[in-house]
Student: 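Sharing a structure below in structure tokens format, with a few things to ask.
Here is the naming used below: chain letters follow the sequence lines, and residue numbers restart at 1 for every chain. Note: hydrogens, waters and symmetry copies are ignored here, and every other heavy atom, side chains too, is used.
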Amino acid sequence: MIPQLTALITRALQKTAQGRGLDPAAFSRKFVVEIPANPERGHFSTNAAMIHARDFALAVPGLKGNPALLLARELVDALERPPDFFSAVEIAGPGFINFRLAKAAWQKLLQEIRARGDSYGKRPPTGQKILVEYVSSNPTGPLHVGHGRGAAWGDAFSRILEYLGHEVTREYYVNDAGNQIATLGKSILFRALHPDLSVPPPEGHYKGAYIKELADSFLQKRPRDFFAEPQAAAIMSEEAAQAILAEMRADLVAFGVEFDSWFSEKSLIASGELEKAVALLREKGLVYEKDGALFFESSALGDDKDRVLRKSDGSWTYFASDVAYHANKYARGFDRLIDVLGADHVGYLGRMRAVARALGRPDASLKIVLYQLVRLFRGGVPYKMSVRAGEFIPLKVVMDEVSPDAARFLYLTQSHDSTLDFDLELAKSQSAENPVYYVQYLCARAFQVRAKAQALFSLEGDIDFSLLSEPGELALIQKLSLFPEVVGASGDNFAPHFLTTWLMDAAKLFHRYYGETRLVLPDNPELTRARIALAMTVRAVVGTGLSLLGVSVPERMAKES
RNA sequence: GCGCCAGUAGCUCAAUCGGAUAGAGCAACAGCCUUCUAAGCUGAAGGUUGAAGGUUCAAGUCCUUCCUGGCGCGCCA
């Protein structure tokens with residue numbers, strides 16, 4: 001609906017310019033078509049006249065009066081009026097043009113949406129290849145609640161990008177090389193040799209219950225003298241990392257998050273790509289040696305300071321791997337790279353932009369999305385971990401109590417830019433307070449109403465959409481009309497929560513309609529058919545929205561106990 | 001000290017290139033269950049958008065300065 005109006009207004013602008021003897025492109029500034037906050041002003045409004053008022057006044061000297069209002073008048077006169085489309089076009093305030101659509105236009109739109117079914121708002125293939133990297137938690141400890149946010153966000157955003165026609169690959173980068181893996185082995189070995197938890201591990205070792213568990217499992221399956229062998233720590237590193245990775249995979253699958261590929265850091269080193277990437281930087285004159293270390297001159301490309309690639313002890317930094325990894329991503333033919341990271345990676349921004357620049361890629365080709373921290377609450381009280389268990393709250397704590405649907409929806413209710421308070425009691429509660437059930441209940445109600453109607457008479461046959469003219473019915477159709485823009489804006493603005501918000505609004509309208517209007521009328525099959533068609537269309541579009549967030553679409557809700 | 005993010009109703013948050021009277025949910029208040037599942041609906045109430053300037057027809061949104069909170073500033077990952 002909005003694209004249609006935008007086209008009509010654009011043509012009116014051109015026609016007005018021509019009528020004044022100006023270049024048809026004289027009025028080519030960006031204007032918006034939006035829904036006024038106050039519904040009495042109309043279904044849609046545009047600021048096109050105000051945006052071009054100054055151009056108009058300059059191009060047509062000697063105007064008498066307010067240029068915005070004068071231009072608005074000319075635009076309204078020039079506006080094409082398709083049959084049965086507008087019911088009113090008015091100029092208001094400082095120069096807004098307000099549009100009211102005829103009921104027939106809404107009814108026709110509903111038919112079109114219904115015909116699109118599950119693909120309403122879907123866009124044709126763009127040919128753009130996008131790599132979305134998310135979670136990428138190191139295999140040195142379990143996933144925590146922050147990773148849950150990254151997982152829900154990356155998964156939902158990937159689905160949205162796909163719906164918008166992009167070719168998306170979801171990837172998990174596994175840091176399976178280097179120091180931290182070695183530290184993992186040492187940490188487990190220490191705990192195996194000191195099973196008494198009152199003995200504190202040395203500085204820098206990993207803590208947490210999982211270390212103790214891993215140590216115990218090694219104690220069970222290995223003979224005593226294994227732990228005295230020089231390679232013991234290395235062997236335990238390897239095996240423990242595998243075990244942790246397998247567990248993370250299982251947690252993610254339980255959460256409904258799956259990846260197209262798991263990319264190993266070790267493979268970059270084994271294949272020689274790391275050295276090749278560094279050589280490439282060297283060719284471009286962007287590296288230098290200092291104090292026995294090799295530096296990348298990222299400060300020349302906008303970073304705060306230069307970054308070490310190879311330490312003076314000869315080992316590579318993780319950053320060197322990251323350079324090679326991103327070079328690898330580009331080499332695989334992706335037009336756009338999206339890295340979804342926790343806010344503690346802010347320092348990453350400048351250096352990775354420098355990497356993109358060094359590789360000759362535009363800044364826009366690499367987007368790093370930082371999501372703010374997650375704070376866990378239970379009934380409004382901050383969730384406390386025992387000190388011994390480590391400072392991070394494992395994702396399992398959430399998953400043990402909360403359904404994946406509820407967890408995902410809550411993770412996606414807010415902009416990634418704001419810290420998220422996640423309340424276990426709220427997430428668990430199967431009540432109206434919990435937004436995911438509120439939205440899912442819409443779907444269940446639509447199915448139940450249809451079943452009830454089907455028991456009375458057949459729903460087959462033509463539907464008379466002109467019977468739908470209650471305010472609540474038109475409001476629902478109007479809401480549906482926005483869905484394609486909402487999905488598009490979610491993708492363009494890295495904002496899956498636009499969709500979450502739209503879903504809650506749509507559910508609000510539906511439940512209100514359901515409360516005010518009887519959908520199933522035994523003595524009026526025609527009207528019942530039309531209302532069921534509307535309910536099921538709302539259900540279909542809301543179902544599409546839920547699916548884009550990775551949330552299931554139930555046909556019925558379990559009865560409250 | 002520098003960088004990124006945030007500051008909006010009692011609480012948690014929305015507000016899609018700057019639009020008209022800043023919206024929801026929760027909490028608190030008043031109502032609605034012989035009814036298509038009340039996991040619901042209706043009504044009323046709640047605001048100097050952290051502060052001060054600036055830009056313009058128009059600022060929660062853009063610019064400047066300041067205040068508060070979170071995160072980060074390693075030859076750690």
Student: Using a strict threshold of under 4.0 Å (side-chain N to carboxylate O), is an ion pair present between A:Glu238 and A:Lys266?
Tutor: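 Looking at A:Glu238 together with A:Lys266, the answer is yes, because their closest N to O distance falls below 4.0 Å.
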Student: Summarise protein proximity over nucleotides 70-77 of chain B in one line of letters, 5' to 3': B for base, S for sugar-phosphate only, - for none, counting protein heavy atoms closer than 4.0 Å.
Tutor: -BSSSBSB
Student: May I ask you to decide if the ring planes of A:Tyr173 and A:Phe263 are parallel, tilted or perpendicular, using 30° and 60° as cut-offs?
Tutor: tilted
Student: Measure CE/A:Met352 against C1'/B:C4 and give the value in whole Å, please.
Tutor: 17 Å
Student: Need to verify one output field. Residue with the more 5' nearest nucleotide on RNA chain B, A:Val32 or A:Arg54?
Tutor: A:Val32
Student: Between B:C17 and B:G10, how many Å separate the two C1' atoms, rounded to a whole number?
Tutor: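 Approximately 35 Å lies between the C1' atom of B:C17 and that of B:G10.
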Student: OP1 or OP2 of B:A15 versus the side-chain N and O atoms of A:His497: is any pair under 4.0 Å?
Tutor: yes
Student: Run the side chain to side chain donor-acceptor pair (under 3.5 Å) check on A:Tyr513 and A:Glu473 step by step: do they pass?
Tutor: CA-CA 7 Å; A:Tyr513 174 59; A:Glu473 288 161 351; 2.6 Å; yes
Student: State the syn/anti category of B:C62 according to its glycosidic angle, syn meaning within 90° of 0.
Tutor: anti
Student: Rounded to whole angstrom, note down the C1' distance from B:A52 over to B:A15.
Tutor: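 My reading of the C1' atoms in B:A52 and B:A15 gives 25 Å.
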Student: Mind checking if A:Gln440 touches a base, just sugar-phosphate, or nothing, with heavy atoms under 4.0 Å?
Tutor: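 No contact.
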Student: So, A:Phe96 and B:A20: ring centres less than 5.5 Å apart, planes less than 30° off, yes or no?
Tutor: yes
Student: Sort out the partner of B:U48 for me: Watson-Crick or G-U wobble, both distances under 3.5 Å, none otherwise.
Tutor: none
Student: Just do the salt bridge (Lys or Arg N to Asp or Glu O under 4.0 Å) check on A:Lys479 and A:Asp505 with the steps written out, would you?
Tutor: CA-CA 8 Å; A:Lys479 196 73 191 169; A:Asp505 288 348; 3.6 Å; yes
Student: Does A:Arg445 make a cation-pi contact with A:Tyr514, if we ask for NZ or CZ under 6.0 Å from the ring centre and within 45° of the axis?
Tutor: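 Yes, a cation-pi geometry.
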Student: Quote, to the nearest angstrom, the C1' distance that separates B:G31 from B:G69.
Tutor: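 Approximately 42 Å lies between the C1' atom of B:G31 and that of B:G69.
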Student: Roughly how many Å apart are B:A9 and B:A28, using the C1' atom of each and rounding to a whole number?
Tutor: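 These two C1' atoms come out 13 Å apart once rounded.
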Student: Which whole-number value in Å describes the distance from A:Gln414 CD to B:U16 C1'?
Tutor: 17 Å
Student: Using a distance-only criterion (donor-acceptor N/O pair, under 3.5 Å, no hydrogens), is the base of B:U21 paired with the side chain of A:Asn38?
Tutor: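 Check passes, donor-acceptor contact within cut-off.
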Student: Take the protein atom CG of A:Asn66 and the nucleotide atom C1' of B:A58, then report the distance between them rounded to whole Å.
Tutor: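 A:Asn66 atom CG is separated from B:A58 atom C1' by 12 Å.
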Student: Using a 4.0 Å heavy-atom cut-off, does A:Arg512 contact any base of the nucleic acid, only the sugar-phosphate backbone, or nothing at all?
Tutor: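 Sugar-phosphate, no base atom in range.
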Student: Taking a pair as Watson-Crick or G-U wobble with both distances under 3.5 Å, which nucleotide is matched to B:C17?
Tutor: none
Student: Round to a whole Å and report the spacing from CG of A:Asn524 to C1' of B:C36.
Tutor: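 Distance check: A:Asn524 CG to B:C36 C1' gives 15 Å.
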Student: Which listed nucleotide (B:G25, B:G19, B:C13) is nearest to the side chain of A:Glu34?
Tutor: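 Nearest listed nucleotide: B:G19.
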Student: Reckon A:Ser321 touches a base, only the sugar-phosphate, or nothing at all at heavy-atom distances under 4.0 Å?
Tutor: nothing
Student: Determine the Euclidean distance between corresponding C1' atoms of B:U8 and B:G74; express it in Å to zero decimal places.
Tutor: 38 Å
Student: Using the side-chain heavy atoms of A:Asn98, tell me which of these nucleotides is nearest: B:U56, B:G19, B:A20.
Tutor: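 Among the listed nucleotides, the one closest to the side chain of A:Asn98 is B:A20.
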Student: Taking CG from A:Leu420 and C1' from B:A14, how many angstroms apart are they, rounded to a whole number?
Tutor: 14 Å
Student: Say you pick atom C1' in B:U34 and the same atom in B:C29; how far apart are they, in whole Å?
Tutor: 29 Å
Student: Under 4.0 Å between a side-chain N or O of A:Tyr438 and OP1 or OP2 of B:C41?
Tutor: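 Yes, because at least one side-chain N or O of A:Tyr438 sits under 4.0 Å from OP1 or OP2 of B:C41.
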Student: Salt-bridge test for A:Glu401 and A:Arg378: reply yes if a basic N is under 4.0 Å from a carboxylate O, no otherwise.
Tutor: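 Between A:Arg378 and A:Glu401 there is a salt bridge, with a charged N closer than 4.0 Å to a carboxylate O.
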Student: Measure CZ/A:Phe31 against C1'/B:G19 and give the value in whole Å, please.
Tutor: 15 Å
Student: Pick from A:Tyr411, A:Tyr383, A:Phe409: which one makes a ring-ring contact (aromatic ring centres under 6.0 Å, His included) with A:Phe422?
Tutor: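 Between A:Phe422 and the candidates, ring-ring contact (aromatic ring centres under 6.0 Å, His included) is satisfied uniquely by A:Tyr411.
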Student: For B:A15, does either OP1 or OP2 sit under 4.0 Å from a side-chain N or O belonging to A:Ser415?
Tutor: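 No.
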Student: As a test of reading the structure: which of B:A14, B:C36, B:A6 is closest to the side chain of A:Tyr514, going by heavy atoms?
Tutor: B:C36
Student: Could you measure between the two C1' atoms, the one in B:C11 and the one in B:G47, and give it in whole Å?
Tutor: 15 Å
Student: Suppose we call a contact any N or O donor and acceptor under 3.5 Å apart; does that hold for the side chain of A:Ser45 and the base of B:A20?
Tutor: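 Yes.
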Student: Before accepting this row, confirm whether a basic side-chain N of the pair A:Arg357/A:Asp363 lies closer than 4.0 Å to the acidic partner's carboxylate O.
Tutor: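 Between A:Asp363 and A:Arg357 there is a salt bridge, with a charged N closer than 4.0 Å to a carboxylate O.
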Student: Quick one: label A:Met504 by what it contacts on the DNA or RNA (base, sugar-phosphate, nothing), any heavy atom closer than 4.0 Å.
Tutor: nothing
Student: Verify salt bridge (Lys or Arg N to Asp or Glu O under 4.0 Å) between A:Arg307 and A:Glu297, making sure each step is shown before the conclusion.
Tutor: CA-CA 7 Å; A:Arg307 308 288 171 178; A:Glu297 198 180 353; over 6 Å; no
Student: Counting the atoms with a prime plus P, OP1 and OP2 as sugar-phosphate, which does A:Arg450 contact under 4.0 Å by heavy atoms, base, sugar-phosphate, or nothing?
Tutor: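 Here A:Arg450 touches no strand at all.
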Student: Among B:C5, B:C41, B:U35, find the nucleotide with the atom closest to the side chain of A:Arg518.
Tutor: B:U35
Student: In whole Å, measure the gap between the C1' atoms of B:U64 and B:G25 for me.
Tutor: 36 Å
Student: Any strand is fair game: report the nucleotide pairing with B:C26 by Watson-Crick or G-U wobble, both distances under 3.5 Å, or none.
Tutor: B:G10
Student: Check this for me, if you would: do A:Arg29 and A:Asp55 make a salt bridge, where the nitrogen-to-carboxylate-oxygen distance has to be below 4.0 angstrom?
Tutor: yes
Student: Output the rounded distance in Å from CG (A:Asp417) to C1' (B:C13).
Tutor: 14 Å
Student: Are any of the side-chain nitrogens in A:Arg41 or A:Glu90 under 4.0 Å away from the carboxylate oxygens of its partner?
Tutor: no
Student: Specify the glycosidic conformation (syn or anti) of B:C17, with syn defined as within 90° of 0.
Tutor: syn
Student: Round to a whole Å and report the spacing from CG of A:Asn47 to P of B:G18.
Tutor: 10 Å
Student: Let's test this: given Watson-Crick or G-U wobble pairing with both distances under 3.5 Å, identify the partner of B:G3.
Tutor: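 Base-paired to B:C71.
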Student: Among B:A14, B:U37, B:U42, which is the nearest nucleotide to the side chain of A:Thr501?
Tutor: B:A14
Student: A:Lys30 or A:Ile97: which one's nearest nucleotide on RNA chain B is closer to the 5' end?
Tutor: A:Lys30
